[in-house]
Each structure stands twice: as structure tokens, then as C-alpha cells.
Asks: 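Here you go, one structure.
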Amino acid sequence: MQEQAISEIQAAETLEALQLVKTRYVGKSGLVTKELGTLGKLPPEERKARGAEINVVRAAIQAALDEKEAALKRAALDARLQSEAVDVTLPGLPLPAGGLHPISRVYDDLIGIFTRMGYEVAEGPEVEEEHYNFEALNIPWYHPARELQDTFWLEDGRLLRTHTSNMQIRYMLEHEPPLKMVSRGKVYRFEATDATHEAMFHQLEGLVVGEGISMADLKGTIAEMARGLYGASAKVRFQPSYYPFVEPGADFAVYWDNPRGESKWLELGGCGMVHPNVFKAVDDLREAAGKERVYEGKTGFAFGLGPERIAMLKYGIPDIRYFYANDPRVIGQFRGEL
Ligand code: PHE
């Protein structure tokens, strides 16, 4: 019986098959167990010797079972490790690549140019108080300039900022001159949309304040920005214009040698020397907040421009609304571009 049992144990190829063999021999009603049950019928003098014999057989079978079970478990583990192994030499799965939005790319270019010139970067709210968007910028309620910038009003009396010039006020409130600041962000105008107008668009605001800052500094700065954007041959042009918060004020354009061949003057934004009323309004706010009046008597310049216009020309995008429609045919073209 021992030999038969051991050869069956060795032949078992799975743990389930081994379990069957185990039951057949050493289970509750297994052959060995039954054999032990017959001991009671033997005459006492034979019982001891026969009992010892059967126990030797049972121990041998149990040892063979244990050994085989361990071997089968090891084999199963090996097989699992094998099947779950990761082949690090296989090529990876392609990940769908994202990309930076064209407006973000233009902003990154601009911010890079200005931070290299030593400007701080500031950020501020899109939901704004009337005072920061208008009054402090020398635009009282009766001023016709308010109609130039149709405003989204909120029910609580606040508004969606119509320009990033609110950041001139907010920055001067927190910082003392001399200072150089640029601020990027969304602005909102209550306007009908068309190929060149959106109700939401972006601006980059710049502000420099110090002793003896002049129009020449402003022109040099805009020219430096143009060269940063379009290379050493870029030209800039200034035309007198009116913004209540600057005096004198100007619009500026950049002459761009477009690789697609349509070189032209690109109207980029507005600029000018900070109006003394703006410095006074800031000092009033500072005083009300328990801070020192430090702006009256200083000079400075400010500018504001729209990255959409730069991006439209740079990437040949014919309609401003394409930027925000999230049409994959448009934004998909910027995939992988960082
Ligand atoms: N805030 C003006 C606009 O939105 C642009 C501007 C900024 C003009 C700073 C002069 C100085 O049109």
C-alpha cells in the first residue's frame, strides 16, 4: 500500500489531485485510517506490532504528501511570478500628448521678456470693485470712457474687470516705488462678438514707477518687447491716443516680418505716462489703509496689450472665437507644443 500511495502522490500534477490522494489514504475514511480501525479486532499480542507497522506507513505517506504539496505550491508560485512579470524592454503605450494653449504660449513669451528686464509678475481678481476698475483710474461714473468699455455688472455692485489696469492700483497699494510690474489675466466686455471681438479676452498690463521715468523709457521698453517677440529687426510705432489714466497716452503697433509673407503693422495695445490723478487716488487708498503716501510726485508709465492679437498673427488663426471654442481641430494643432 505504501508504494502504491507514494507513486500516486508523485503522479499528482495539481494540488486538487494531491488532495484526492490524501483523502483516499489518510482521510477520515481513507485506507490507512481504516486499517488502523481493524486493530481492535486483533488479539492484544499482535495489536502493538501491527499498530507500529501501520504508523510507519502512515508517516511515510504523510511525509510524501507534505513534500509533494510544498513542491506543487512552489511551482504554482513560480508560474504566477512568471505570468505577472513585467517586461521592461517592451515599448511603452503611447500617451495622448497635451499642449499649451496658444494664448498661454504667447503669455510665456511676454512674461519671459519682461522678467528678464527685471519686472515682477502680479496677479489679481477678475471680479472687481468699481473703484479699482474705474474711479481710481481717473474714470468717474459720468466719464464717456465708461461707454467705450461696456461692463458686465454683478448683482452685488461689483463687476467683471474690463481691463487689467485694475492691477496698477492694486499693485501700488501693496508696493512702494521704484517698481516694475507685469500682470496677465482675463478681461470681460459686454460686446457683440465677431472675428476680432470676444466678450472675454486677455491682457498683459505693465507698470513702471520711479524717479524721472519718461516717455523715452516707455518707448524703449515697448521696442525691447517687440524685438523679444519678433527679432532684432522689429519696429514699433506710437500714435497719440486717449486713456483717462495716462497723459500723454498712445497706441502702439509693431511691424512684423511675417514668415507667411503678409508683413504689416500690428496694433498691439495702449500705453502712456501714469496720470497724476491715478497716483493721488492710490495715495488716498493707501492713507485710508494706514499706509504712507508715497506716489505723489513720482512718474511712471503703463501699457496694456492683447495676446490674442499676437497669437492670431503668429499662428495664422483668423477668428478670435476659435481660441475659446475648444474645437479639437484648432487646439489639436498645438498638441505636444510646449
Ligand atoms: N487698459 C487699456 C485698455 O484696456 C489699455 C491701457 C493700459 C492703456 C495701460 C494705457 C495704459 O484698452
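Both ligands and their constituent atoms are indexed starting at 1 by order of listing.
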Asks: Would you verify whether the NZ or CZ of Arg170 falls within 45 degrees of the ring axis of Tyr132 while also being under 6.0 Å from that six-membered ring's centre?
Replies: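 Geometry flag: set, cation within 6.0 Å and 45°.
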Asks: Which of the atoms in ligand 1, numbered in the order shown and given with their element, are less than 4.0 Å from a heavy-atom of Glu205?
Replies: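 Checking each atom against Glu205, I get 7 (C), 9 (C).
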Asks: Would you say Ser183 and Glu205 are linked by a side-chain donor-acceptor pair, where the criterion is simply a distance under 3.5 Å?
Replies: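 Side chains of Glu205 and Ser183: no pair found under 3.5 Å.
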Asks: Can you find an N or O of Gln203 that's nearer than 3.5 Å to an N or O of ligand 1?
Replies: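 Yes, there is a polar N/O contact under 3.5 Å.
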Asks: Any N/O of Ser165 closer than 3.5 Å to an N/O of ligand 1?
Replies: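 Yes; the residue has a nitrogen or oxygen that sits under 3.5 Å from a nitrogen or oxygen of the ligand.
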Asks: Of the side chain and backbone of Arg189, name the one, both, or neither that has a heavy atom under 4.0 Å from an atom of ligand 1.
Replies: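 It is the side chain that gets close, since no backbone atom is under 4.0 Å.
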Asks: Can a donor-acceptor pair be found between the side chains of Asp78 and Gln82 at a distance below 3.5 Å?
Replies: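 Side-chain D/A pair, Asp78 to Gln82: absent.
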Asks: State whether the shortest distance between N or O atoms of His163 and N or O atoms of ligand 1 falls below 3.5 angstrom.
Replies: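 Between His163 and ligand 1, an N or O pair is found under 3.5 Å apart.
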Asks: Check the side chains of Asp284 and Tyr295 for a donor-acceptor pair under 3.5 angstrom, ignoring hydrogens and angles.
Replies: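 Side chains of Tyr295 and Asp284: no pair found under 3.5 Å.
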Asks: What part of Phe245 sits under 4.0 Å from ligand 1 if we count only heavy atoms: the side chain, the backbone, both or neither?
Replies: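 Looking at Phe245 and ligand 1, just side chain atoms fall under 4.0 Å.
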Asks: For a side-chain hydrogen bond (donor to acceptor under 3.5 Å, both in side chains) with Thr162, tell me which candidate from Asp150, Asn133, Thr151 qualifies.
Replies: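 Output: one option passes, namely Asn133.
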Asks: Are a donor atom and an acceptor atom from the side chains of Glu128 and Asn166 found within less than 3.5 Å of each other?
Replies: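 A pair is found: one side chain offers a donor N or O, the other an acceptor, under 3.5 Å apart.
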Asks: Check contact between Met167 and ligand 1, using heavy atoms of the residue and a distance below 4.0 angstrom.
Replies: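 Contact absent.
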Asks: Numbering the atoms of ligand 1 from 1, which are under 4.0 Å from a heavy atom of Gly304?
Replies: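 Once the distances to Gly304 are compared, the set is 6 (C), 7 (C), 9 (C).
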Asks: May I ask you to check whether Phe245 and His163 place their ring centres under 6.0 Å from each other?
Replies: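 Centroid distance His163-Phe245: below 6.0 Å, so yes.
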Asks: So, does Ala302 sit close enough to ligand 1 that a heavy atom of it is under 4.0 Å from the ligand?
Replies: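 Flag set, Ala302 near ligand 1.
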Asks: Do any N/O atoms on Gln168 end up under 3.5 angstrom from N/O atoms on ligand 1?
Replies: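 The answer is no, given that Gln168 and ligand 1 share no N or O pair closer than 3.5 Å.
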